[in-house]
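Encoded as structure tokens, the structure appears first; notes follow it.
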Amino acid sequence: IFEDQAGKFDWRKQLVGCPAKITFDKVGSKSDRLIVSTAQSVLASLVLNTGNIGWRQIMENPSGSTNGLTFTKDREYIYSISEDGRSVRVWNKNNGVLAHQLPISEQKSEIQAIHVTNQRLHVASGRTLVVFRLGDEKPVETVISKTELTFSAFFQQDDVVIHVSALKNAGKSIELSKITEDGAFEPLKTVEIKDFEPKNCHVQEAYLSCSTGSTLQIVDIFRQKVQKIQLETEILEISGHGPLILARGAKNAQIVEITAENGAQVRKSVDIGAGEALGITENHESVIVTSSDAVRVVFVNSATHFSAKRVKMAENLENSAPKSIFGRKNDKDWEIVIVGEDCHVEFVTVDQNSKSVNLEWSREESLITAVSVEMVDLPLSESQQMIEDEFEDGESNIISAFIRRIQVQFGQLCRQITRSIEKVIYVVTSITKNGNGVADFINSVRSASGSGSAASGPFERDYFNLRKVIIVATSTGTVFGIDSADGRYLWKLWLGEHFQPLESPFDGEKVPLFVQRTTAHYQLDGLASVVFSNKLTHNGVIVSFNPMVGKVVSRNELGYPVKRLSLLPVHTHKHVYPVMLIGKNEEIKIFPSITPEELSATTPYLYLLDIQSQTVQGLKIDISSQKITPVWQGNLGLTAQDDIIAVKGKSFNQKVHSQGRVLVTREVQYKYVNPNLAAIASINRADQHMTITLVDIVTGQIVHSASIGKAAKPIHMVHSENWIAYSYWSDKGRRTELGIIELYEGTEEQHTQKEVFDSKIAEKLPPVVAQQSYIYAQGVDAMSVSETEQGLTTRSILVAHPSGNIHEVSRRLLDANRPMELTQAMREEMMIGYMPEIAVATEEMINYNQTVHRVRGIKTSPSGLESTSLVLAYGTDLFFTRLVPSGTFDILKDDFDHVLISLVLTGLVVGSYVSKRLARSNALASQWS
Amino acid sequence: EWKITLEYSLNEFTNSYPLGSIEMSRAFDGNYTGTFKPAQEQNFGQKLFEAQNGVYSVRARSSTQPGQNFLTTSDPCLFLHSNLFHVFWLSISQEKQQLHTLTIFPDTVAWRSDTEDGKYHSEAKLCKDRSANVLQSTQGTPKGVCHVVGESVLPTPDTAAFVQKMEREKRAKQHGADADNRSFLAKYWMYIVPVVLFAVISSAVNPEAGAEGAAQ
């Protein structure tokens, strides 16, 4: 990629994740910041004015809980407990640079607490309590408890710090220890709390509040006193700040205030609905209640309260109910951060006088949980539709065809004139608005020509079909439509508060996304569906929507949980490919239903692979009678010790351009292209063998089975055409290795030139298998393969690194037939000799210096150009780019010099006329002489 | 050295009949070969013909794996077209003497006719449309051969051979053994031929230019 192409065809979205803790902060002379700790182990600083990421630090993935990192802060640093509670990392608050990393414990723990005072840092993780002096690397004091803890917290009042802990088998009491000036631990007395349960407790200022049913117990830590308050309703949640405690019930929240003279007493009751969120202001005595469409501010010490309406950001960006609120008060208004159930983060300001909610910025953080991605073509443009209309009707006579053609030509001419007029108007408007001379005029002309083809144009297909709508389904319950030109959000769907992803035995959470009808039929809208589970009933739900505008077409809930689902290879008379959903007891539903006339004779059945613990079955599903029959059964060599890592079939719209491969001896080696082939990768826990098995799903025939010892996760696999590429960690070599398996039918004498492949008729000979393996010097997070429309372009394997790069490995490098000794004929064929290592060159990174962290998957899609693939990598970040594995052989180069060629051509034409005239004059003069 | 017992059914195992057995024996190199011993049944062809549009299922049990069932299913029409010849595709583990899957195929060598009018058309729905030439006999015993596939080994990167190759090339380069022994003309004929052609063409054009000069 050239320097001037950076950012021209690609875009990147950096995400921080679903916020778990947010605090407002002021950093020196800079503007205010939000310190965010998210469920995906990201610690970030957001600029309060714009919502952009100031800095971001991505920690290791959490092994257990998703409550975000435990952190605290002082004037200069942020102190976070990392590595599942084994260390403390100290970050500079200004720029996010790591200042210190302090080891705490060797054991992981989720019971964590951290506190910082003027001179000391107190950390509790698991059974270990450590005190550091600020700036030192060695602890002042370390105490290791003999018993496991179930609760841990620090409290500070003036200069006194008290650690509160609850032992695992101690029943109902908490233990208090005072930490003295020199860091020693001085035990205080034990406080008894009736029915103590840490998850029902809340820590704030000097108080620990616990709830049991409708009883609220407030422990004053520094006086070691317990006070009980009986409330009217059952307490579901406790929150609070300072001397105020909010006890939320099913329909209202009681505000409890603690004073020195009167103790704790109920001050006020606030009505709260089910879909509303409750928060308290950090620096003011007011309570904020937010629903989907309104913000209410309730003053604690007076009868004042007011309500303000929330505005939607856009018409087709649908928001969910709010989940948590973080707010503070300024001189004139309230600043509120609202986090929705769908991880939508909004920063609003609420003005008391005008009673208005101003939306400052918003962020969509649920994209960090993207699990399914599809790319859909845009609708045909108006001129393309006219051309389709022109050739559609085949029965008309010559005169009406001629008239329609004239109409189409006239329409194109009008369209061109309209576009030119729009450009002229744009130029004139720019001049009258910003006119400052010739330079501005030239710039406006350039931007006019640029804006005509950019995102501001009409929402239709461009000439090379490079612009698409990217549909992303997340495991948070949102579906996005993203413009692939610049990453802009076109629409957003919220699938409801009862959303739950489906479970897959191999890949974790799944939200399957199917494109049922593309925009190729321009009279009909596109149709896509997403399938998930109802959280309450566990039944399957399928939601169909228009992928262009995000409008929900239908929403159906099944009567059973979904066990497996598939897109049928036949379509209805409205060109919709139905989705088949199968339950645990072999219930079958097909959305939309398909009639027997629409089923052709060759595709009444669908064959599925059913993998149990030690038995693998092939199932045959009769689509018309909706009956499931097992057709083959075996164990595929799987034992109880085998874990299945990946199952990769073939996508049913994949193109294989060439039937064979020309060898050096001028023979043709034909590819074994079995559309029913599936590759299964498994790891044996006992002897650490990785086995790759290639199975024909229709018959259960094992085409090839091979294993390797001393292999470990992570294992990734790509299945395309007649080859399987896989990556694994080799414990023997202590490195990542890439492997390739290629299947061929044999050379020309053995090829029977069949038109139709039939799984039930075996070949006379088994396929010829070529295998090879290469050293790869980087880790592998995700693997994918490039796709083009006809499959003519060389395929590239895309490998995402943990360091944030996406490497493009050509298929010519990852080849099972690279020879060890190159002969002259092989050199003429430009074959690459075998080297055991695949070099990782920085110029082959398709995302140059735009790092994409923690890539979970890479989606590739063909574009209208045969040379170009479209690539979207999703994980913690999103990155979209174009890919040209074989170079841009079907368009002119970007640096094609049109001007020079035009000048040379003009010069030659003019020169030929001048030379002709001079030659004629010379001939005439010579005749006179 | 171990035995696989086969039985078949034409109505999803409502009724099942013995098909025979496969005896696995080890060769010298550790691989296994299978020998199919059919059951003594004379009406196999008639049963297949009566169920020609149905389902032909074979269930297997291995003597080394008690309690495990192996199932495979195919079309009866294929075997009527192949004169009741089977290919049993067995996938095994050589070390553990275990069967992984069993798949039955028609033996295409024994197909009745492979000419254009006698081809088997897989896309048709009924047996008489798929093959115009199926076995009509009321008798026939099952016949078959076995194809045994074992587990192979995935390769590791071949660093040792590559290092040896590099050392060999280095040593050969030092001794000059691999120098190109072709003659000068054989090596550089593709550069000499255009020059010769150009000279010949230029000398052919020169007399006309001389003649034109003389006329002037």
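Chain letters run A, B, ... following the sequence lines, proteins first, then strands; residues in each count from 1. Side chains are part of it too, since the values below use all heavy atoms of this structure and drop only hydrogens, waters and symmetry mates. Just so you know, these numbers come straight off a predicted model, no measurement behind them.
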Side chain, backbone, both or neither: which part of [X] has a non-hydrogen atom closer than 4.5 Å to chain B?
{"X": "A:Tyr774", "value": "backbone"}
{"X": "A:Thr629", "value": "side chain"}
{"X": "A:Tyr728", "value": "side chain"}
{"X": "A:His689", "value": "neither"}
{"X": "A:Leu738", "value": "neither"}

Under 4.5 Å from a heavy atom of chain A, the part of [X] involved:
{"X": "B:Thr156", "value": "both"}
{"X": "B:Thr159", "value": "both"}
{"X": "B:Ser91", "value": "side chain"}
{"X": "B:Leu90", "value": "neither"}

Item to check | Partners meeting side chain to side chain contact (heavy atoms under 4.5 Å, CB included) with A:Val631 (sequence neighbours left out) | outcome: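 Expected list: A:Tyr607, A:Lys620, B:Thr73.
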Item to check | Within 6.0 Å of NZ in B:Lys47, more than 12 heavy atoms from elsewhere | outcome: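 Counting other residues, nucleotides and ligands, NZ of B:Lys47 exceeds 12 neighbours.
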Which value, rounded to the nearest 0.5 Å, describes the distance between [X] atom [atom1] and [Y] atom [atom2]?
{"X": "A:Met820", "Y": "B:Gln164", "atom1": "CE", "atom2": "CD", "result": "9.0 Å"}
{"X": "B:Ser93", "Y": "A:Leu636", "atom1": "OG", "atom2": "CG", "result": "12.5 Å"}
{"X": "B:His100", "Y": "A:Thr693", "atom1": "NE2", "atom2": "OG1", "result": "8.0 Å"}

Checklist entry - In chain order, what residues pass the ring pair (Phe, Tyr, Trp, His ring centres under 6.0 Å) check against B:Phe36, with sequence neighbours excluded? => result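 Partners of B:Phe36 by the ring pair (Phe, Tyr, Trp, His ring centres under 6.0 Å) criterion, ordered by chain and then number, come out as B:Phe88.
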Item to check | Choice from A:Ala711, A:Ser730, A:Ser707, A:Pro630 maximising heavy atom contacts with chain B below 4.5 Å | outcome: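 Top count of heavy-atom pairs under 4.5 Å with chain B: A:Ser707.
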Next on the checklist: Looking only at heavy atoms and a cut-off of under 4.5 Å, which of A:Gln771, A:Met690, A:Gln701, A:Gln772 has the most pairs with chain B?
Outcome noted: A:Gln701
Next on the checklist: Under the criterion side-chain contact (heavy atoms from CB on, under 4.5 Å), I'd like the reasoning laid out for B:Trp89 against A:Thr699: C-alpha separation, chi angles, the key distance, then a yes or no.
Outcome noted: CA-CA 10 Å; B:Trp89 190 285; A:Thr699 57; over 6 Å; no
Checklist entry - What's the verdict on side-chain contact (heavy atoms from CB on, under 4.5 Å) for B:Thr103 and A:Trp632, showing C-alpha distance, side-chain angles and the deciding distance? => result CA-CA 8 Å; B:Thr103 311; A:Trp632 62 268; over 6 Å; no
Checklist entry - How far apart are the closest heavy atoms of A:Gln633 and B:Asn69, and which atoms are they? => result NE2-O, 3.1 Å
Checklist entry - With no hydrogens and no angle check, is any side-chain donor or acceptor of A:Glu737 less than 3.5 Å from a backbone partner on B:Pro157? => result no
Next on the checklist: I'd like to know if the side chain of A:Ser773 and the backbone of B:Leu154 have a donor-acceptor N/O pair within less than 3.5 Å.
Outcome noted: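 No; judged by distance alone, with no hydrogens or angles, the pair does not exist.
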Next on the checklist: Is there a side-chain contact (heavy atoms from CB on, under 4.5 Å) between B:Val153 and A:Ile708? Walk through the geometry before answering.
Outcome noted: CA-CA 6 Å; B:Val153 176; A:Ile708 186 171; 5.6 Å; no
